[in-house]
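Residue numbers run from 1 in the order of the sequence given. Worth knowing before you read on, the calculation uses all heavy atoms, side chains too, and leaves out hydrogens, waters and symmetry mates.
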Amino acid sequence: MTCRKIVGYTTGVFDLFHVGHLNILKRAKEHCDHLIVGVTTDELVLERKNKKTVIPFQERVEIISSIKYADQVVMENDLDKWAAWERYRFDVIFKGDDWKGTPLWNEYEKKFSKVGVKVMYFQYTRTTSSSLIREFLERMN
């Protein structure tokens, strides 16, 4: 008798890779057997956050691919997590707790519960973020 593997999914820009990124990947991997990590494209970052990435997409993919917690790395070129589920059929999705309780993620929770997908929120690493690193670097110039 074989046990079915639990597939997890998380996404991020992963620009200026730091310990907060590592923490979410490590924690996600603790809750699944196979972790799929979506890396957001440069174009989507520019469109959604109106920011240019410091590290180009392909290099960010290479960084995430080399992390032992990521079993599969995929391109995230849209923010539709339901469409991602339709592509990858994950069992659990991981998101930062800063999204918990938002209208969008309340809707995702309802939709995912109907297909048996668990939504897990992780505490945001408040001491380190790409935004803080970017601000620091800009002040130094």
Check whether D71 reaches the backbone of L35 with its side chain - one donor and one acceptor, N or O, closer than 3.5 Å. yes
Considering non-hydrogen atoms only, spot the tightest contact between [X] and [Y] and give its length.
{"X": "A70", "Y": "V73", "answer": "CB-CG2, 4.2 Å"}
{"X": "K110", "Y": "S113", "answer": "O-OG, 2.8 Å"}
{"X": "D80", "Y": "A83", "answer": "OD1-N, 3.1 Å"}
{"X": "V92", "Y": "H31", "answer": "CG1-O, 4.2 Å"}

Residue E47 excluded, over 12 heavy atoms near CD under 6.0 Å: yes
Ring of W85, cation from R87 - is the NZ or CZ under 6.0 Å from the centre and inside 45° of the axis? no
Face-on cation placement of K100 at W105 ring, 6.0 Å and 45° thresholds: no
Do [X] and [Y] touch side chain to side chain, with heavy atoms closer than 4.5 Å?
{"X": "I55", "Y": "F17", "result": "no"}
{"X": "V13", "Y": "K49", "result": "yes"}
{"X": "I36", "Y": "V7", "result": "yes"}
{"X": "V37", "Y": "V74", "result": "no"}

Kindly compute the distance separating [atom1] ([X]) from [atom2] ([Y]), expressed to the nearest 0.5 Å.
{"X": "F90", "Y": "T10", "atom1": "CZ", "atom2": "OG1", "result": "10.0 Å"}
{"X": "F112", "Y": "W82", "atom1": "CZ", "atom2": "CH2", "result": "6.5 Å"}
{"X": "C32", "Y": "M120", "atom1": "SG", "atom2": "CE", "result": "9.5 Å"}
{"X": "T40", "Y": "F57", "atom1": "OG1", "atom2": "CZ", "result": "8.5 Å"}
{"X": "K95", "Y": "T102", "atom1": "NZ", "atom2": "OG1", "result": "8.5 Å"}
{"X": "I24", "Y": "K26", "atom1": "CD1", "atom2": "NZ", "result": "14.0 Å"}

Do the side chains of D42 and R60 get close enough for a salt bridge, i.e. N-O under 4.0 angstrom? yes
Does the distance from a Lys or Arg side-chain N to an Asp or Glu carboxylate O, for D15 and K51, drop under 4.0 Å? no
Hydrophobic clustering (ILVMFWY, side-chain heavy atoms < 4.5 Å, transitive) - are [Y] and [X] grouped together?
{"X": "V54", "Y": "V61", "value": "yes"}
{"X": "F14", "Y": "L22", "value": "yes"}
{"X": "F122", "Y": "I67", "value": "yes"}

Evaluate T41 against M75 for side chain to side chain contact (heavy atoms under 4.5 Å, CB included), listing each step before the verdict. CA-CA 7 Å; T41 63; M75 176 191 315; 3.3 Å; yes
K81: partners by side-chain hydrogen bond (donor to acceptor under 3.5 Å, both in side chains), with sequence neighbours left out: T11, E76
Side chain to side chain contact (heavy atoms under 4.5 Å, CB included) with D91: of V117, I6, V115, only one passes, and it is I6
For the ring pair Y9 and Y88, is the centre-to-centre distance below 6.0 Å? yes
